[in-house]
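Everything below concerns the one structure shown next.
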2 protein chains.
Amino acid sequence: MPRSGQEARERLARAALELFLERGFDAVTAAEIAARAGVTERTYFRHFPDKREVLFDGERRLTEWVTEALASVPADVPLWPAMRRTVDLIVAPLEANRPDSDRLAAIVKATPALRERAASKEARLVSIITGLLVGRGASTDEAALVARTAWGVLAQAIEAWRAAPGTSLQVHVDRGFTLLTGLVGGAQGDPPR
Amino acid sequence: MPRSGQEARERLARAALELFLERGFDAVTAAEIAARAGVTERTYFRHFPDKREVLFDGERRLTEWVTEALASVPADVPLWPAMRRTVDLIVAPLEANRPDSDRLAAIVKATPALRERAASKEARLVSIITGLLVGRGASTDEAALVARTAWGVLAQAIEAWRAAPGTSLQVHVDRGFTLLTGLVGGAQGDPPR
DNA sequence: CCTAGTAGTGTCTGCAACTGACACTACGGA
DNA sequence: TCCGTAGTGTCAGTTGCAGACACTACTAGG
């Protein structure tokens, strides 16, 4: 293997994070990020497809966690319980990662262009999960619905977790699932036609 | 030349749609859209904040439909049933709008940059719905969860509906809600059907 | 130890998405 | 009839991104 490229990539990611924290996403140019990392703008774009993507490099790990978690659930567990266990399994890594992900979330929240990218990443993750569920034997419709719903619970839990420092993510997740079960499963009158 | 402003805006929207259909989003420049509409590029950017937004002008109507539909549900209807009725209420306008929205969906689906924008719009709509539900007296957590989940059902139904021409959206919506109830509310045991 | 291949980089060049500043023109109302 | 306003054109500038090509550090193979 030739000279480590991976190293430059990490310097770029760190430089970008610093600059975005210092001055905000919009006030930083790609050339400046590259300069701080000691490379050229062109090199930046060889490592990341655009200015935003540096920040979302960690999302790949999330995908891995989900994939592994779901794979670790026995195949005979029905869809929804399997998804629930999967969510439980990725709570730990998420909590371990909190300090970093909090800073990231702050930057993203403050920048529309980044929120857009984040929303897109979520959608992509949901569709990956859907694929995995289909691989477990679910119908496409079921899989998509379960993936969307479970992700919704987790996403909402994460949001509440960030809003309330010092709380445990697991608590929010549990609350979300029970809340959902109560709301949806409850026999309150909603006549289908 | 023209005076209305609104008129130019509509010409721009039509021109953009045509060009995107003819050559694809990426192969069209903002200047070309403007030219076909008989104005300058600068004028384009006075009507729309960026190249993508022309296509999403109609989303405002969706927001209105949702707002009105939810407002029309009596305040004493509990959260989830209220949401379910709201979804039912906007099925009609959605179906009436099918030909246009199908073409739009095709363009969006083919272009990553547009999918991103679409995902972002969905997120925004969900947060608007959350706000409305809070206005009805729900807690933030409940509201967010219900909004996310219900929108998930509708979004999934719309996708299935587009994939199966000739079917009725209402059918997919009904199926989605019953499926969800069965999965989430049902005893932890059995795969459906 | 030398040589050849390859991954990573710098440089140069160019397009297209936006943006600010300013001058102009049609219009509706006083 | 004149004036204020909203919509537009023009021009110049910044920045995100991409193709082409030459160069350099490193590694493997002889």
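Lettering of chains follows the sequences in order, A, B, ..., and the numbering in each one begins at 1. This is a predicted model, so every value here is computed, not measured.
- Side chain of Thr40(B), nearest nucleotide from dT10(D), dT9(C), dG16(D): dT10(D).
- Remark: Arg23(B) engages Glu32(B) in a salt bridge, criterion side-chain N to carboxylate O under 4.0 Å.
- Using a 4.0 Å cutoff on non-hydrogen atoms, the parts of residues 43-53 of chain A near DNA chain D are Phe45(A), Arg46(A), Pro49(A), Asp50(A), Lys51(A), ordered by number.
- Between Gln6(A) atom CD and dA25(D) atom C1' the separation is 17 Å, expressed in whole Å.
- Here the straight-line distance linking atom CZ of Phe45(B) with atom CG of Leu12(B) works out to 10.5 Å at 0.5 Å rounding.
- A donor-acceptor contact under 3.5 Å is not formed by the side chain of Arg42(A) with the base of dG8(C).
- One can place CZ of Arg9(A) at 16 Å from P of dA7(C), the figure rounded to the nearest angstrom.
- In this structure, Leu89(B) CG and Leu94(B) CG are separated by 11.5 Å, a value rounded to the nearest 0.5 Å.
- Whole-Å rounding puts the Leu12(A) CG to dG8(C) C1' distance at 12 Å.
- As rounded to whole Å, 10 Å separates atom P of dC18(C) from atom CD1 of Ile33(B).
- One can place CG of Asp26(A) at 12 Å from P of dT15(D), the figure rounded to the nearest angstrom.
- Heavy-atom distances under 4.0 Å link DNA chain D to no residue of residues 114-122 of chain B.
- Taking the side chain as every heavy atom from C-beta outward, Glu142(B) and Leu133(B) never approach each other to under 4.5 Å.
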- Message: Go through it in stages, so that I can follow the logic: the residues are Arg60(B) and Glu64(B), the test is salt bridge (charged side-chain N to carboxylate O under 4.0 Å, His left out), and I'd like the CA-CA distance, side-chain angles, deciding distance and then a yes or no.
- Response: CA-CA 6 Å; Arg60(B) 275 179 313 168; Glu64(B) 290 168 13; 6.0 Å; no
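- For the pairing with Glu116(B), the salt bridge (Lys or Arg N to Asp or Glu O under 4.0 Å) check across Arg124(A), Arg52(A), Arg115(A) returns one residue only, Arg52(A).
- In this entry the distance linking CD of Glu41(A) with P of dT11(C) reads 12 Å, nearest Å.
- Partners of Asp100(A) by salt bridge (Lys or Arg N to Asp or Glu O under 4.0 Å), not counting sequence neighbours, listed by chain and number: Arg103(A).
- Cation-pi contact between Lys51(B) and Phe20(B): absent, since separation from the ring centre below 6.0 Å together with deviation from the ring axis within 45° is not met.
- Without hydrogens or angle criteria, Tyr44(B) side chain to Asp50(B) main chain gives a donor-acceptor distance under 3.5 Å.
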